[in-house]
Amino acid sequence: MQAVLKDAEDRMQKALASLDKDFSRLRTGRASTSLLDGVRVNYYDTPTPLDQMASVSTPDSRTITIAPWDRKAFNDVEKAILKSDLGLTPVNDGKIIRIVIPPLTEDRRKELAKVAKKYSEEAKVAIRNIRRDANDVLKKKKNDKAISEDDQRKGQEDIQKLTDAYIAKADDALAKKEKEIMEI
């Protein structure tokens, strides 16, 4: 029974880690290199992650700089950033590509808060699915006479407590992200 609980907890931690990764991609008005994590550059006809072909940094809170290692890749990097759904405009000065992060409008902040809620809800659904899977394993063990009905009930209570704790963590992460998004 402990193995079922441990497995459920590991999977719930991964669901929260995925939520954190989704949150890191949300633009909050501050420059962050993680904004460009999903950008793939068509480099010699191969989709290449931006961070594998350029140096990406944030010299200040409103600017991201990209220095491709290959001078021929500047146009490809610019095209990839423009094609991405980030809504960012790169400026190429021949030596470096700069992206200035514009301040967020109130409407855009509200849209981002809705997206953050959607990500949080997806994580909660994943956590609940993990709970269901763990409860199914316990039911199967009880039907196979590997555990008693009391052990099954105790295991389900433990899994529910674990689920409640991880859903609370997802809610806390959402509250922090919403506060960060709405901050001016």
Let's go through I159 and V4 carefully: what are the C-alpha distance in whole Å and the side-chain angles of both, what is the deciding distance for side-chain contact (heavy atoms from CB on, under 4.5 Å) to 0.1 Å, and is it a yes or a no? CA-CA 9 Å; I159 289 169; V4 173; 4.3 Å; yes
Please test D150 against R153 for salt bridge (Lys or Arg N to Asp or Glu O under 4.0 Å), starting from the C-alpha separation and ending with a verdict. CA-CA 5 Å; D150 289 342; R153 195 168 296 117; 3.7 Å; yes
Test salt bridge (Lys or Arg N to Asp or Glu O under 4.0 Å) on R108 and E111; report intermediate values, then the result. CA-CA 5 Å; R108 183 69 179 135; E111 283 176 37; 3.3 Å; yes
Working note: Q156 + L138, criterion side-chain contact (heavy atoms from CB on, under 4.5 Å); need CA distance, chi angles, decisive distance, verdict. CA-CA 8 Å; Q156 286 177 332; L138 289 178; 4.1 Å; yes
Could you check I81 against I99 for side-chain contact (heavy atoms from CB on, under 4.5 Å), going step by step and ending with a plain yes or no? CA-CA 9 Å; I81 293 168; I99 301 173; 3.7 Å; yes
Run the numbers on R128 and I167 for side-chain contact (heavy atoms from CB on, under 4.5 Å), then give the verdict. CA-CA 9 Å; R128 289 183 193 115; I167 285 181; 3.7 Å; yes
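In this structure a side-chain-to-backbone donor-acceptor pair under 3.5 Å is missing from T63 to D60. Side-chain atoms of K142 do not come within 3.5 Å of backbone N or O of I147 as any donor-acceptor pair. In this structure, R62 contributes its side chain and V100 its backbone to no donor-acceptor pair below 3.5 Å. A donor-acceptor contact shorter than 3.5 Å links the side chain of D93 to the backbone of K95. S120 contributes no side-chain N or O that, together with a main-chain N or O of L174, makes up a donor-acceptor pair within less than 3.5 Å. For the pair S84 (side chain) and L82 (backbone), a donor-acceptor distance under 3.5 Å is absent.
Distance NZ/K176 to CG/D171: 12.5 Å, rounded to 0.5 Å. Between the OG1 atom of T105 and the NZ atom of K110 there is a distance of 10.0 Å, given to the nearest 0.5 Å. Here D158 contributes atom CG and K154 contributes atom NZ; the two are 3.5 Å apart, rounded to the nearest 0.5 Å. Put simply, CG on D7 and CD on Q2 are 12.5 Å apart, with the number rounded to the nearest 0.5 Å. To the nearest 0.5 Å, atom NZ of residue K139 and atom CZ of residue R132 are 10.5 Å apart. With values rounded to the nearest 0.5 angstrom, K117 atom NZ is found 12.5 Å from L112 atom CG.
Within the 4.5 Å cutoff, no side-chain heavy atoms of T65 are placed close to those of I97. Contact annotation: the side chain of I101 approaches that of L35 to within less than 4.5 Å [non-hydrogen atoms, C-beta and beyond]. Here the side chains of K124 and E121 are in contact, with some heavy-atom distance below 4.5 Å. Residues I96 and I66 form no side-chain contact, since every pair of their non-hydrogen atoms from C-beta on lies 4.5 Å or further apart.
V41 approaches V77 most closely through the heavy-atom pair CG1-N, 3.9 Å. Minimum interatomic distance between P49 and R40 (heavy atoms only, all atoms of both residues): CG-NH1, 2.8 Å. When every heavy atom of F74 is checked against every heavy atom of G94, the shortest pair comes out as CZ-O, 3.8 Å. Closest approach of A15 and I127 over heavy atoms only: CB-CG1, 4.1 Å. Listed here is the closest heavy atom pair of A8 and A134: CB-CB, 4.2 Å. Of all heavy-atom pairs spanning K177 and A116, the tightest one is CG-CB, 4.4 Å.
Open room surrounds NZ on K141; 12 or fewer heavy atoms of other groups in view lie less than 6.0 Å from it.
Note on D144 versus K140: salt bridge recorded, some NZ/NE/NH1/NH2 to OD/OE distance being below 4.0 Å.
Side-chain contact, Q13 with Y166: a donor N or O sits under 3.5 Å from an acceptor N or O. In this structure, a donor-acceptor pair under 3.5 Å is absent between the side chains of D76 and Y44.
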